[in-house]
Amino acid sequence: MQGRDILEIDLLAPLGPKYASLELALGRRIEAVERRGKFLLMPLSGGLELVAHLGMTGVLAQDAPSERAASHVRVRVGLSGGAPNVLYFLDPRRFGRFLVVKRGEYAGLPTLAALGPEPLSDGFTVAAFQSALQRSHMSVKSYLLSQRPVAGVGNIYADEALWRAAVHPLTPASALTPEQATRLHHAVREVLSAAVASQGTTLSDYRTVLGKQGEYARQLAAYGRAGQPCPRCGTTMQRLVVGQRGTSYCPTCQAAPKGKP
DNA sequence: CGCATTTCCTGGTAGC
DNA sequence: TGCTACCAGGAAATGC
């Protein structure tokens, strides 16, 4: 994709502001393909930028979709150069985004505008993470999901990291001890680097760009394991809802913060 | 301003 | 088998 020109870009149905300003990409060159957190960023010539987000179930593919998936194609991008020279953006549940903005202007994308450091970069330090936690009054799980203290942690990896760090998901972020914050920092890095090494977590539909299943599901210790024994202590894992998200945790390893039963 | 709640949307599945 | 009802969730919009 990098270095190619966008010769065609078709939005296959009106989908509102999640798919805005695509016509501006016509005739532009894709100068780079980058990732920040869960956002895919493609700087275009002319000071523009294509921003894509797969939501939960989105797919960006160069292969023509199967008959079954054809109805989920939302955007088709025709590129210069030899085959493969078509990009298909599939988004079955319409939770994705695919839009053109002025480069670096993320006013309509507040999460991207306030995105925390990349978890596997040198910019994600214990000190910075600790001071971010200090400033939030949200539960630590909700704060992780906000993408502000660190980029890219979704529901699965939040549960995994909190379990590894032995931190209860409802602990107020600012109430974490320095030891807990340090453990959580390391846990986020360990979980994400292991998940990347396993090419992600396939629960049902997710496939890598090469069509392979992500293999991290077999390593999940917490996510989706409510009612099953904790891999560390054997206690039955519990489920609760945090910020409208299903949450699994071990009531023994991840002791409740003071005042929470 | 900061946080909580609601909304978007459809495939998958439980229950009958 | 076929129907209904409900759940899942990332980020934005809305509410307080």
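Chain naming here is simple, since letters A, B, ... match the order of the sequence lines and numbering starts at 1 in each.
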Enquirer: With a 3.5 Å cut-off and sequence neighbours excluded, list the donor-acceptor pairs that the side chains of residues 15-26 of chain A form with protein atoms.
Expert:
residue	atom	partner	partner atom	Å
Lys18(A)	NZ	Arg94(A)	O	3.2
Tyr19(A)	OH	Asp91(A)	OD2	2.5

Enquirer: Roughly how bent is the helix from dG2(B)-dC16(C) to dC16(B)-dG2(C) end to end, in steps of 10 degrees, with each end axis from five pairs?
Expert: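 Angle reported: 40°, given to the nearest ten degrees.
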Enquirer: By the 4.0 Å heavy-atom rule, please label Gly96(A) as base, sugar-phosphate, or nothing.
Expert: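 It contacts nothing in the nucleic acid.
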Enquirer: Filter on side chain to side chain donor-acceptor pair (under 3.5 Å), then keep only pairs touching residues 101-112 of chain A, sequence neighbours left out; what's left?
Expert: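 Every side chain to side chain donor-acceptor pair (under 3.5 Å) pair that includes a residue of residues 101-112 of chain A, provided the two are not neighbours, is Glu31(A)-Arg103(A), Glu49(A)-Tyr106(A).
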Enquirer: Take atom CZ of Arg94(A) and atom C1' of dC9(B), then tell me their distance rounded to the nearest Å.
Expert: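 For the pair Arg94(A) CZ and dC9(B) C1', the rounded distance is 7 Å.
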Enquirer: To the nearest 0.5 Å, how far apart are CG in Leu41(A) and CZ in Arg36(A)?
Expert: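 Between atom CG of Leu41(A) and atom CZ of Arg36(A) there are 8.0 Å.
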Enquirer: Are the side chains of Cys250(A) and Gln238(A) in contact, using a 4.5 Å heavy-atom criterion?
Expert: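 No - every pair of side-chain heavy atoms lies 4.5 Å or more apart.
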Enquirer: Taking OH from Tyr157(A) and C1' from dG9(C), how many angstroms apart are they, rounded to a whole number?
Expert: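 To the nearest whole Å, that distance equals 14 Å.
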Enquirer: List the residues meeting ring-ring contact (aromatic ring centres under 6.0 Å, His included) with Phe98(A), not counting sequence neighbours, and say none if there are none.
Expert: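 Once residues adjacent in sequence are excluded, the partners of Phe98(A) under the ring-ring contact (aromatic ring centres under 6.0 Å, His included) criterion are Phe89(A).
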Enquirer: Once you round it to whole Å, what is the distance between P of dG10(C) and NZ of Lys141(A)?
Expert: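 The distance from NZ of Lys141(A) to P of dG10(C) comes to 9 Å, rounded to the nearest Å.
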Enquirer: Rounded to the nearest Å, what distance is computed from the CG atom of residue Asp91(A) to the C1' atom of nucleotide dC9(B)?
Expert: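 In whole Å, dC9(B) C1' lies 9 Å from Asp91(A) CG.
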Enquirer: Arg245(A): which residues meet the salt bridge (Lys or Arg N to Asp or Glu O under 4.0 Å) condition with it, sequence neighbours left out?
Expert: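 Here no residue qualifies.
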Enquirer: Please enumerate all residues that pass ring-ring contact (aromatic ring centres under 6.0 Å, His included) together with His53(A), with sequence neighbours excluded.
Expert: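 For His53(A) the ring-ring contact (aromatic ring centres under 6.0 Å, His included) partners, ignoring immediate neighbours, are Phe39(A).
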Enquirer: About how many Å separate CZ of Arg232(A) and CD of Gln254(A), when rounded to the nearest 0.5 Å?
Expert: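 So the CD of Gln254(A) and the CZ of Arg232(A) are separated by 7.0 Å.
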Enquirer: How long is the line joining NZ of Lys38(A) and P of dG9(C), in whole Å?
Expert: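 Rounded to the whole Å, the gap is 11 Å.
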Enquirer: Looking for any heavy atom pair under 4.0 Å, which part of the strands does Tyr19(A) touch: base, sugar-phosphate only, or nothing?
Expert: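 Here Tyr19(A) touches no strand at all.
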Enquirer: To the nearest Å, how far apart are Gln244(A) CD and dG9(C) C1'?
Expert: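 These atoms are roughly 11 Å apart.
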Enquirer: Anything under 3.5 Å between a protein N or O and an N or O of nucleotides 12-16 of chain C, put it in a table, one pair a line.
Expert:
residue	atom	partner	partner atom	Å
dA12(C)	OP2	Thr111(A)	N	3.0
dA12(C)	OP2	Thr111(A)	OG1	2.2
dA12(C)	O4'	Arg97(A)	NH2	3.3

Enquirer: Do you know the tightest heavy-atom contact between Thr235(A) and Cys233(A)?
Expert: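 Shortest heavy-atom contact: OG1-SG, 3.0 Å.
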Enquirer: Is the backbone N or O of Arg29(A) less than 3.5 Å from a side-chain atom of Ser45(A), with the two atoms forming a donor-acceptor pair by type?
Expert: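 A pair under 3.5 Å: yes.
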Enquirer: If you measure only the distance, is there a donor-acceptor pair under 3.5 Å linking the side chains of Arg135(A) and Ser131(A)?
Expert: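 Result is yes, a qualifying pair exists.
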Enquirer: Just how far, in rounded Å, is P of dG9(C) from CG of Leu144(A)?
Expert: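 In whole Å, dG9(C) P lies 15 Å from Leu144(A) CG.
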Enquirer: Please work out if Arg239(A) contacts a base, only the sugar-phosphate, or nothing of the nucleic acid, heavy-atom cut-off 4.0 Å.
Expert: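 The answer is sugar-phosphate, as Arg239(A) gets under 4.0 Å only of primed atoms, P, OP1 or OP2.
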Enquirer: Residues two or more places apart in sequence or in another chain: which of them pass ring-ring contact (aromatic ring centres under 6.0 Å, His included) with Tyr223(A)?
Expert: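 For Tyr223(A), no residue satisfies ring-ring contact (aromatic ring centres under 6.0 Å, His included) once neighbours in sequence are set aside.
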Enquirer: Which is true for Gln147(A) with a 4.0 Å heavy-atom rule: it touches a base, it touches only sugar-phosphate, or it touches nothing?
Expert: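 Sugar-phosphate contact only - Gln147(A) comes under 4.0 Å of backbone atoms but never of a base.
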Enquirer: Dump the pairs, protein N or O against N or O of nucleotides 13-15 of chain B, anything under 3.5 Å, distances to one decimal.
Expert:
none

Enquirer: If I take atom NE2 in residue His53(A) and atom C1' in nucleotide dC8(B), what distance separates them, rounded to the nearest angstrom?
Expert: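 One finds 14 Å between C1' of dC8(B) and NE2 of His53(A), rounded.
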Enquirer: List the steps and the verdict of side chain to side chain contact (heavy atoms under 4.5 Å, CB included) for Arg239(A) and Thr247(A).
Expert: CA-CA 5 Å; Arg239(A) 177 192 148 91; Thr247(A) 300; over 6 Å; no
Enquirer: According to a cutoff of under 5.5 Å between the ring centres and under 30° between the ring planes, does Phe95(A) stack with the base of dA11(C)?
Expert: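 No, the aromatic ring of Phe95(A) does not stack with the base.
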Enquirer: If a pair satisfies side chain to side chain donor-acceptor pair (under 3.5 Å) and one of its residues is in residues 154-163 of chain A, list it, with sequence neighbours excluded.
Expert: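 Qualifying pairs, neighbours excluded: Lys141(A)-Asn155(A), Lys141(A)-Asp159(A), Tyr157(A)-Thr201(A).
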Enquirer: Just N and O in the side chain of His72(A): are any of them under 4.0 Å from OP1 or OP2 of dG11(B)?
Expert: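 Affirmative; the distance criterion is met.
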Enquirer: If you restrict it to nitrogen or oxygen atoms, what contacts under 3.5 Å exist between nucleotides 1-3 of chain B and the protein, and what is each distance?
Expert:
residue	atom	partner	partner atom	Å
dC3(B)	OP1	His137(A)	N	3.0
dC3(B)	OP1	His137(A)	ND1	3.4

Enquirer: Which residues satisfy the ring-ring contact (aromatic ring centres under 6.0 Å, His included) test with Phe124(A), sequence neighbours excluded?
Expert: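 Here the qualifying residues are Phe129(A), His185(A).
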Enquirer: Using a heavy-atom cut-off of under 4.0 Å over every strand shown, decide if Arg245(A) touches base, sugar-phosphate, or nothing.
Expert: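 Base: the residue Arg245(A), judged by heavy atoms under 4.0 Å, touches a nucleobase.
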